[in-house]
Amino acid sequence: MTDSTQTAGVVRRSTRELSKAAVSGWLGTAMEFMDFQLYSLAAAIVFNKIFFPDVSPAIGLIAAMATYGVGYVARLVGAFYFGRMGDRIGRKKVLFLTITIMGASTTLIGVLPPYQTIGIAAPILLVALRLVQGFGAGAEIAGATVMLVEYAPVKRRGLISSLVSLGTNSGTLAASGLWALLLLVLSEEQVIAWGWRLPFLLSFVLLLFGVWMRSNLKESPVFEESKDVVPEKKSAIETGLKQRKGRAFLLSLGLRFGQAGNSGLVQTFLVGYIASSLAINRSVPTNAIVYGSLLGFATIPLVGLLGDRFGRRPVYLGLSLLTAIIAVPMMATIASGNTVLLTIAMVLGLNIGVLGLFAVESVTMAELFGSRTRFTQLAVAKEIGGTLATAIGPVMAASLTAWTQHWWPIAAMLIVYSLITFVSTWVAPETRGRDLVGPEDAL
């Protein structure tokens, strides 16, 4: 079979090309989330000691979480910039640029000198590289999502696009596994002295492989078919800005909010909170993220299949409501200090409230938008939701738990995030099977 064919004006890709797109989307997203999870875990575990050593542990944790959060501001800028570019010149070229920028900045974090060596310049350089990393990552996952959704057969969009979520899971697993290994074989002094650098430096190998994969990928067939209705000079920008005022964009923010907020709390903040506030060995929550990510290899494709079988809305409604229901018992279990029960609680929270929601989010948000501005709107919606929920959430949680000396603010935030997504899903249309070549949004 040839790599691609065109019949009656419709561009189609072969199974071989679909497989290459799937691997490329999975790999790029895995690399993005590995980079960001490496940073988030480092921020939760050691960055307060390396880059903010002259403050109290609680203030150091808040400062480290803040440096984690600034990357999400840069992601929003990158989403605007690269999203417009992707709608104008194509998905492939943008994905090549984003993975290069993101991987290079992550590697450079691994060679930064500590505060004890260069003083205040150390955290300044850390924030600068975090900003560059975020700028490159701003359109990475949106671009990978758009590429896979536009490549996939209609009846298998949910399953195939869930590979993007599987990439996030793979990256989280790799980063968490590396940190778990470091904490197992190295002493705390060794980790702080040099061990924390190793995962960042290893990401350079993935960067090389990812660039090679992206350079051999064909353009999205939907983009090739619909680009004749996207004027070259202004429509991708002006129409995108106009449509962002519509209901589809606002609903996408709500759909994104629950998953993004839950992710920032479960995968980032809880690791530092359990170690510093509950005085439990930091390897326990790190291992819980590893176990949860392993289970996610079954959860993510299952959710994708359920979305293809029953529709996006029922799956979205069920997962968001269940997350709100289990928030209080999950946090009470974690606060009990029983390491086995704590691990089970974190695994369930990760799979239901983060990975499960993300699996159905990928295809639903892409199907909500028309072909003219799908990349731009998806990227901006994801990053605004991420900035509001994920970047602010850990800092707010750190502040509230320090003030109340209790876990209830974390549970309350999980409930609010999940209910926002539940309400957004309730008023959203069903998008399963929608024609992606159409230029208009779903509502």
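- Take Ser320 and apply the side chain to side chain donor-acceptor pair (under 3.5 Å) test, not counting sequence neighbours, and it matches no residue.
- Looking at Arg432, its side chain does come within 3.5 Å of a backbone N or O of Asp308 through a donor-acceptor pair.
- Not counting sequence neighbours, the partners of Leu253 by the side-chain contact (heavy atoms from CB on, under 4.5 Å) test are Phe249, Leu250, Ala381, Ile384.
- A donor-acceptor pair under 3.5 Å links the side-chain atoms of Asn351 to the main chain of Gly296, judged by distance alone.
- Applying the ring-ring contact (aromatic ring centres under 6.0 Å, His included) criterion to Tyr81, with sequence neighbours excluded, gives Phe135.
- In summary, the side chains of Gln259 and Arg256 do present a donor paired with an acceptor at a separation below 3.5 Å, with no hydrogens or angles considered.
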Atom pairs and distances, donor-acceptor, side-chain atoms in residues 283-295, under 3.5 Å, two or more places apart:
from, atom 1, to, atom 2, distance (Å)
Ser283, OG, Asn281, OD1, 2.7
Thr286, OG1, Arg282, O, 2.9
Asn287, ND2, Ser283, O, 3.1
Ser293, OG, Ile289, O, 2.8

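- Listed by chain and residue number, Arg75 satisfy the salt bridge (Lys or Arg N to Asp or Glu O under 4.0 Å) test with Glu383 (two or more places apart in sequence, or in another chain).
- Scored by the ring-ring contact (aromatic ring centres under 6.0 Å, His included) test, Phe297 finds no partners at all (sequence neighbours excluded).
- Qualifying side chain to side chain donor-acceptor pair (under 3.5 Å) partners for Trp196, counting only residues two or more places apart in sequence or in other chains: none.
- Under the 3.5 Å distance criterion, the side-chain polar atoms of Arg91 are left unmatched by any main-chain donor or acceptor of Met147.
- By the ring-ring contact (aromatic ring centres under 6.0 Å, His included) test, Trp212 pairs with Phe209, sequence neighbours left out.
- For Thr323, there are no side chain to side chain donor-acceptor pair (under 3.5 Å) partners at least two apart in sequence or on another chain.
- Residues forming a side chain to side chain donor-acceptor pair (under 3.5 Å) with Gln267 (at least two apart in sequence, or on another chain): Thr172, Ser263.
- For the residue pair Asp87 and Thr376, a side-chain donor N or O sits within less than 3.5 Å of a side-chain acceptor on the partner.
- A donor-acceptor contact shorter than 3.5 Å is absent between the side chain of Arg312 and the backbone of Glu430.
- Applying the salt bridge (Lys or Arg N to Asp or Glu O under 4.0 Å) test to every pair with at least one member in residues 192-215, sequence neighbours left out, gives these pairs: Glu140-Arg214.
- Residue pairs satisfying the salt bridge (Lys or Arg N to Asp or Glu O under 4.0 Å) criterion with at least one member in residues 154-182, sequence neighbours excluded, are listed as follows: Arg157-Glu367.
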